[in-house]
Amino acid sequence: MRDILTDLEAAALNPVEAARQASKTPMPKRFYDAVGMVEAEGGFQIVLDGRAIKTPGRNVIVVPKEAAAQMLAAEFDAQGEFIDAKTMPIYRLLNTAIDGVATDIQAVAEDVIRYVGTDALCYRADAPDALVERQNEAWDPVLDWIASHVGSRFILAQGIMHVTQPKAAVAGFGVLVNQIKDPLVLAALHSMTTLTGSAVLGYAVIADELTADEAWTAAHVDEDFNMEQWGEDAEATALRAHALPSRPRQRSTRLR
């Protein structure tokens with residue numbers, strides 16, 4: 001189980017750590033010329049020189065949404081002489097969902113639920129006022145929305161001092177997460193949670209309350225505010241770009 005969660009969290013690695021881990025295994029040479037997409041039962045398949053791609057566990061990959069399949073095809077098409085897995089987040093997520101999450105859905109769900117106990121949206125700055133106001137504007141509507149679904153409000157705290165969330169709020173959120181039976185959706189939720197530090201933001205994307213771009217912006221309120229005040233931090237910008245590669249903007253990026 002730990003291997004599954006480690007794979008899901010891999011997208012959040014910083015570039016230095018990602019490069020170190022990637023260097024342990026030689027990259028395979030690109031073995032295909034043409035990348036295509038075909039309709040299949042349950043969605044779409046990506047084919048390399050006419051052959052459907054598979055997971056390391058030899059399971060054929062079928063992507064339910066055409067937009068997600070196009071993103072996967074673009075990852076394969078963008079490979080050069082060698083196949084660099086760390087530049088293929090969609091492919092890695094699908095592999096983990098199909099070969100790993102599907103075998104232990106409950107354990108992954110429980111890991112997401114644990115995150116909500118220390119959700120980033122519940123920890124607020126006490127100054128300056130401009131940052132406090134920006135956090136309130138970005139995060140309060142999302143917390144209001146989730147409260148209406150779980151039947152209880154989460155408690156807010158200033159600073160980093162831990163606050164114990166109401167059992168009713170955590171339990172209500174757990175009910176929502178445990179209703180997710182699609183391994184791919186759950187894998188995506190886990191990845192969004194670890195990348196943003198917020199299970200609430202991740203679930204808001206899954207539920208179509210927020211787009212992925214809106215959730216990503218909300219997760220970086222503090223960072224954006226600091227860059228406005230003090231200038232861009234090159235290292236922080238690199239980490240952010242690594243976590244969310246450039247992609248076409250669209251209303252929904254759900255994979256189900």
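Sequential numbering from 1 along the given sequence is applied to the chain's residues.
Between Val60 and Ile53, every side-chain heavy-atom pair lies at or beyond the 4.5 Å cut-off. Glu81 has its side chain within reach of Lys29: a pair of non-hydrogen atoms, C-beta onward, lies under 4.5 Å apart. Residues Val177 and Leu186 meet the side-chain proximity criterion, which asks for heavy atoms closer than 4.5 Å. Residues Asp33 and Leu48 have side chains not in contact (no heavy-atom distance under 4.5 Å, counting atoms from C-beta outward). For the pair Trp145 and Tyr203, the minimum side-chain heavy-atom distance is below 4.5 Å. In this structure the side chain of Thr193 never reaches within 4.5 angstrom of the side chain of Ser198, judged on heavy atoms.
Across every non-hydrogen atom of Val132 and Ala127, the tightest pair is CG2-N, 3.8 Å. Shortest non-hydrogen contact noted between Ala215 and Val205 is CB-CG2, 3.5 Å. Between Asn136 and Pro141 the shortest heavy-atom distance is O-CD, 3.6 Å. Smallest separation of non-hydrogen atoms from Pro166 and Ser152: CB-OG, 4.1 Å. Nearest heavy-atom pair, Met37 versus Ala69, reported as atom, atom and distance to 0.1 Å: SD-CB, 3.4 Å. The two residues Leu156 and Leu121 make their nearest non-hydrogen contact at CD2-O, 4.1 Å.
For Gln179, the side chain to side chain contact (heavy atoms under 4.5 Å, CB included) criterion is met by Val175, Leu176, not counting sequence neighbours. Annotation: side chain to side chain contact (heavy atoms under 4.5 Å, CB included) contacts of Arg30 (sequence neighbours excluded): Tyr32, Val35, Asp77, Gln79, Ile83. In terms of the side chain to side chain contact (heavy atoms under 4.5 Å, CB included) criterion, residue partners of Thr55 (sequence neighbours excluded) are, by chain and number, Asn59, Ile61, Asn95, Ile98, Asp99. By the salt bridge (charged side-chain N to carboxylate O under 4.0 Å, His left out) test, Glu228 pairs with Arg134, sequence neighbours left out. Annotation: ring pair (Phe, Tyr, Trp, His ring centres under 6.0 Å) contacts of Phe154 (sequence neighbours excluded): none. Take Glu39 and apply the side chain to side chain contact (heavy atoms under 4.5 Å, CB included) test, not counting sequence neighbours, and it matches Phe44.
Donor-acceptor pairing under 3.5 Å is lacking for the side chains of Glu110 and Asn178.
Sorted pairs that involve residues 154-168 and meet salt bridge (Lys or Arg N to Asp or Glu O under 4.0 Å), not counting sequence neighbours, are lacking altogether. Residue pairs meeting the salt bridge (Lys or Arg N to Asp or Glu O under 4.0 Å) criterion with at least one partner in residues 146-162, sequence neighbours excluded, are Asp144-Arg153. Within the structure, salt bridge (Lys or Arg N to Asp or Glu O under 4.0 Å) pairs that include any residue of residues 117-130 comprise Arg124-Asp140 (at least two apart or interchain). Within the structure, every pair that satisfies the ring pair (Phe, Tyr, Trp, His ring centres under 6.0 Å) test and touches residues 83-112, not counting sequence neighbours, is listed here: Phe76-Tyr91.
At least one donor-acceptor pair under 3.5 Å links the side chain of Glu214 to the backbone N or O of Thr211. Checked by atom type and distance alone, the side chain of Trp139 never pairs as donor or acceptor with a backbone atom of Cys122 at under 3.5 Å. The backbone N or O of Ala188 lies less than 3.5 Å from no partner atom in the side chain of Ser191, so there is not a single donor-acceptor pair. A donor-acceptor pair is defined here as one N or O able to donate and one able to accept, closer than 3.5 Å; such a pair exists between the side chain of Glu75 and the backbone of Ile90. When atom types are taken as modelled, the side chain of Gln135 and the backbone of Ala125 share a donor-acceptor pair closer than 3.5 angstrom.
Within the model, atoms CD of Glu223 and OG1 of Thr217 stand 11.0 Å from one another, a figure rounded to the nearest 0.5 Å. Note: Leu94 CG to Lys54 NZ = 16.0 Å, rounded to the nearest 0.5 Å. The line from CE of Met71 to CE of Met88 is 12.5 Å long, rounded to the nearest 0.5 Å.
Under a hydrophobic-cluster definition in which Ile, Leu, Val, Met, Phe, Trp and Tyr are linked whenever side-chain heavy atoms come within less than 4.5 Å, directly or via other members, Ile46 and Phe31 are assigned to the same cluster. Linking Ile, Leu, Val, Met, Phe, Trp and Tyr residues whenever their side-chain heavy atoms come within less than 4.5 Å leaves Val62 and Leu184 in two separate clusters. Under the 4.5 Å side-chain heavy-atom criterion for Ile, Leu, Val, Met, Phe, Trp and Tyr, Phe225 and Leu201 are members of the same hydrophobic cluster.
Ile155 forms part of a hydrophobic cluster together with Tyr123, Val163, judged by ILVMFWY side-chain heavy-atom separations under 4.5 Å. Grouping Ile, Leu, Val, Met, Phe, Trp and Tyr residues whose side-chain heavy atoms lie under 4.5 Å apart, directly or via other members, places Val47 in a hydrophobic cluster with Val38.
We find that Asp84 and Lys86 are joined by a salt bridge, their nearest charged nitrogen and carboxylate oxygen being less than 4.0 Å apart.
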